[in-house]
There are 2 protein chains.
Amino acid sequence: MDNNSIFIEKLRSSGLRPTKQRLKICKLLFQRKETFHFTVGDLSKILKHKFKEKISLATVYNTIHSFKKKGYLKEIAINSDKTYFDTNTSDHHHFLDVTTNELIDLDDKDVKKVSIIKKIPGKKIKSIEVLVKIENNN
Amino acid sequence: MDNNSIFIEKLRSSGLRPTKQRLKICKLLFQRKETFHFTVGDLSKILKHKFKEKISLATVYNTIHSFKKKGYLKEIAINSDKTYFDTNTSDHHHFLDVTTNELIDLDDKDVKKVSIIKKIPGKKIKSIEVLVKIENNN
DNA sequence: AGAGTAATTTATAATGATTCTAAAGTAGTG
DNA sequence: CACTACTTTAGAATCATTATAAATTACTCT
């Protein structure tokens with residue numbers, strides 16, 4: 001069973017029809033060892049280069065949003081006008097290199113546990129995200 | 001010496017001319033006990049209500065950016081299309097209430113120290129920001 | 001395989017935040 | 001007061017993202 005069939009199955013079992021466009025995007029996003037951090041604009045450009053047939057920008061946006069809703073992608077909060085996504089959906093944190101604007105994954109084991117002492121009545125913690133900004137040594 | 005004179009002096013010593021507009025924005029931002037989290041759009045609306053004379057949106061943007069550059073404001077990274085600013089420029093973290101989209105300050109003493117174990121050669125840590133997302137207990 | 005339907009894709013328009021522009025106004029200096 | 005550099009301003013421009021509505025495609029049921 002090749003990757004394509006796996007993607008088709010996965011999509012179908014998520015209630016998403018396995019269209020040509022979605023399969024291409026799956027290939028690009030999930031057929032890689034390393035985590036991938038991207039904006040929808042980035043992704044659209046890469047798709048254009050990699051495949052001959054073009055995928056409409058609107059479709060890329062739609063797809064990324066469905067994937068996010070299904071939990072296959074994570075949105076990342078960094079200081080920016082652009083929205084970044086991450087193929088690593090596990091609980092983890094990030095380095096942001098402010099010199100190059102590059103994002104680097106930070107495993108849970110790379111961060112000593114963060115404990116929040118303050119409590120807000122009626123509220124519960126949903127997630128704890130650590131963003132470590134780094135820059136060049138001068 | 002009233003607050004206004006203090007603002008005038010502060011602005012001048014930062015190399016910023018104390019204009020009517022900047023002084024009004026200073027009053028609104030810095031004459032308060034509590035930290036203030038806002039977008040430029042928010043601020044513009046509040047200014048419109050509080051003062052009779054209108055301040056152009058472009059001016060509000062310009063001013064906020066100068067203040068940020070001078071270190072009087074901090075930009076906050078939250079998952080959004082909008083850019084948030086914070087009058088608390090000290091090292092601190094935030095709760096983001098995803099139900100109401102409200103931001104709440106988290107003192108350093110409310111967070112047990114975060115230590116980053118991973119090192120990147122040639123890079124040094126500039127800041128560590130923790131964003132704790134909270135939601136209603138169901 | 002063909003027909004019917006609901007989901008999907010698409011180009012394009014619309015939106016909304018932010019930045020740019022260039023002209024008019026203002027503060028600081030002498 | 002006059003000069004110059006800094007500011008403000010309205011409006012246009014830009015850029016990411018979302019909405020729209022028509023055309024296309026996937027799936028189901030015969």
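The chains referred to below are lettered A, B, ... by the order of the sequence lines, with proteins before strands, and numbering in each begins at 1.
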Under 4.0 angstrom, heavy atoms only, what part of the nucleic acid is A:T59 near: base, sugar-phosphate, or nothing?
base
What contact category does B:T39 fall into here, base, sugar-phosphate, or nothing, at under 4.0 angstrom with non-hydrogen atoms?
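It contacts nothing in the nucleic acid.
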Contact nearer the 5' end of DNA chain C, comparing B:N62 with A:A58
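Its nucleotide being nearer the 5' end, the pick is A:A58.
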Closest-nucleotide mapping onto DNA chain C: is B:R17 or B:G41 further toward the 5' terminus? I mean the 5' end.
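On the 5' side of the pair lies B:G41.
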Counting just side-chain N and O atoms, does [X] come under 4.0 Å of either OP1 or OP2 of [N]?
| X | N | result |
| --- | --- | --- |
| A:R12 | D:dA26 | no |
| A:H65 | D:dT17 | no |
| A:Y61 | D:dT17 | yes |
| B:Q21 | D:dT9 | yes |
| B:S56 | D:dT8 | no |
| B:K54 | D:dA10 | yes |

Rounded to the nearest angstrom, tell me the gap between atom [atom1] in [X] and atom [atom2] in [N].
| X | N | atom1 | atom2 | value |
| --- | --- | --- | --- | --- |
| A:E53 | D:dT24 | CD | P | 14 Å |
| B:L11 | D:dT7 | CG | P | 10 Å |
| A:D42 | D:dA16 | CG | P | 10 Å |
| A:K82 | D:dT17 | NZ | P | 8 Å |
| A:K24 | D:dT25 | NZ | C1' | 14 Å |
| A:R22 | D:dT25 | CZ | C1' | 11 Å |
| B:L47 | D:dT9 | CG | P | 11 Å |
| A:K20 | D:dA23 | NZ | C1' | 13 Å |

Atom NZ of A:K124 with >12 non-hydrogen neighbours under 6.0 angstrom
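More than 12 heavy atoms, drawn from other residues, nucleotides or ligands, come within 6.0 Å of this atom.
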Partner of [X] under side-chain contact (heavy atoms from CB on, under 4.5 Å), chosen from [options]:
| X | options | answer |
| --- | --- | --- |
| A:F38 | A:I46, A:I64, A:D86 | A:I64 |
| A:H94 | A:L131, A:L106, A:V132, A:T35 | A:L131 |
| A:K123 | B:N137, B:I104, B:T99 | B:T99 |

Under a criterion of less than 4.0 angstrom to any heavy atom of chain A, what are the 5'-terminal and 3'-terminal contacting nucleotides of DNA chain C?
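From 5' to 3', the first and last contacting nucleotides are C:dA6 to C:dA11.
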Short side-chain donor-acceptor distance under 3.5 Å, B:H37 and B:D105:
yes
Could you check if a side-chain atom of A:K118 sits within less than 4.5 angstrom of a side-chain atom of B:H93, using non-hydrogen atoms only?
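No. Closest side-chain heavy atoms not under 4.5 Å.
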Please verify the inter-ring angle class for A:F30 with A:F67; under 30° counts as parallel, over 60° as perpendicular, anything in between as tilted.
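Correct class here is tilted.
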Polar side-chain atom of B:S56 near backbone of B:A58 as donor-acceptor pair, under 3.5 Å:
yes
